[in-house]
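Notes follow the structure.
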Amino acid sequence: GAVVSQHPSWVICKSGTSVKIECRSLDFQATTMFWYRQFPKQSLMLMATSNEGSKATYEQGVEKDKFLINHASLTLSTLTVTSAHPEDSSFYICSATDGPRDIQYFGAGTRLSVL
Amino acid sequence: SQKIEQNSEALNIQEGKTATLTCNYTNYSPAYLQWYRQDPGRGPVFLLLIRENEKEKRKERLKVTFDTTLKQSLFHITASQPADSATYLCRVQGNTPLVFGKGTRLSVIA
């Protein structure tokens, strides 16, 4: 199956700093990628849909200036958590679709801890 | 409003038994439904897709049914093993592109 690589898998940062998370589709081109947030024992919460070459579409309640998404190529989307605060600590996961079958291929996730 | 419900948060079963997980949806008319597995601290992994015109789909020890009248999908794991312990998510294709159920955490006890 298709492989999505997410990096880093774990990051600790100080409050006020920015953190960038990368999501790459390794063996297929992903015109659309998705970013999720997940709290412990909770479901996936879709944050935004990222389309190559255009602005991301954010879900209601997600601050676009806080969570910057860039999808510069067909294989790479990045999520930057700007001026991170402890409440931003969470598990962030990206996914990409393979197109016609609309199967989501997920990255391994990034655990962000903001001190 | 549109809703996806997975029957229980947690399900414990004895090794060797069949685990049955339920996904009910409201106010969707999905063309298909998908099931994923998520292990702790990992991203979900796709397992099976079933289309609206398919009653049943199988893959090894997994079986999925889809009843569009009841608006329900059942996910079965036969001869369950401790390695099947994980959270299982259903996803309904509908007007909102990406909606997952909250998941059912399955624990298979040896």
Side-chain angles (χ1 to χ4, degrees), chain A residues 1-11 21-26 28 31-51 56-60 62 79 90-113, chain B residues 1-11 21 23-25 28 30-54 57 59-60 62 64 66 85-107:
Chain A
V3 178
V4 173
S5 173
Q6 187 172 341
H7 179 80
S9 56
W10 181 56
V11 59
I21 302 169
E22 289 189 352
C23 181
R24 293 180 185 271
S25 56
L26 296 186
F28 67 104
T31 50
T32 305
M33 289 186 173
F34 306 88
W35 288 95
Y36 301 82
R37 185 172 180 175
Q38 188 175 37
F39 292 104
K41 297 188 178 180
Q42 298 291 314
S43 184
L44 298 167
M45 185 193 82
L46 179 66
M47 298 174 66
T49 302
S50 164
N51 292 295
T57 302
Y58 290 82
E59 295 299 304
Q60 193 172 7
V62 178
L79 168 69
S90 190
F91 190 54
Y92 293 87
I93 314 175
C94 69
S95 74
T97 182
D98 70 341
R101 291 192 304 160
D102 195 25
I103 292 170
Q104 296 296 312
Y105 296 99
F106 287 86
T110 298
R111 177 139 332 264
L112 171 64
S113 296
Chain B
S1 62
Q2 294 176 323
K3 211 187 314 183
I4 297 177
E5 290 178 316
Q6 292 192 240
N7 58 327
S8 51
E9 255 188 55
L11 179 65
L21 285 64
C23 177
N24 294 296
Y25 57 92
Y28 285 99
Y32 56 80
L33 189 146
Q34 299 171 346
W35 284 88
Y36 291 77
R37 168 183 173 144
Q38 186 176 23
D39 290 286
R42 307 290 293 177
V45 174
F46 170 76
L47 295 175
L48 281 167
L49 178 153
I50 186 165
R51 301 190 187 281
E52 60 178 338
N53 60 349
E54 297 174 315
K57 201 81 168 279
K59 180 183 176 183
E60 297 171 355
L62 308 181
V64 172
F66 192 7
S85 299
T87 295
Y88 292 86
L89 307 168
C90 72
R91 179 196 161 197
V92 175
Q93 183 269 350
N95 294 331
T96 304
L98 279 169
V99 182
F100 285 85
K102 288 187 176 179
T104 296
R105 191 169 63 255
L106 175 66
S107 297

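Values in this document were obtained by computation on a predicted structure and should not be read as measured data. Proteins get letters first, then strands, A, B, ... in listed order; numbering begins at 1 in each.
A distance of 6.0 Å separates CZ of B:F100 from CG of A:L44, quoted to the nearest 0.5 Å. In this structure, CZ in B:F46 is found 10.5 Å from OG1 in A:T97, a value given to the nearest 0.5 Å. Going from atom NZ of A:K41 over to atom CD of B:E9 covers 8.5 Å, rounded to the nearest 0.5 Å.
Only the side chain of A:Q38 comes within less than 4.5 Å of a heavy atom in chain B; its backbone stays farther off.
Heavy-atom neighbours of B:K102 NZ from other residues, nucleotides or ligands within 6.0 Å: at or below the threshold of 12.
Taking 4.5 Å as the limit, some side-chain heavy atom of A:I93 sits within range of a side-chain heavy atom of B:Q38.
Across all non-hydrogen atoms, the minimal contact from A:S43 to B:G101 is OG-O, 3.0 Å.
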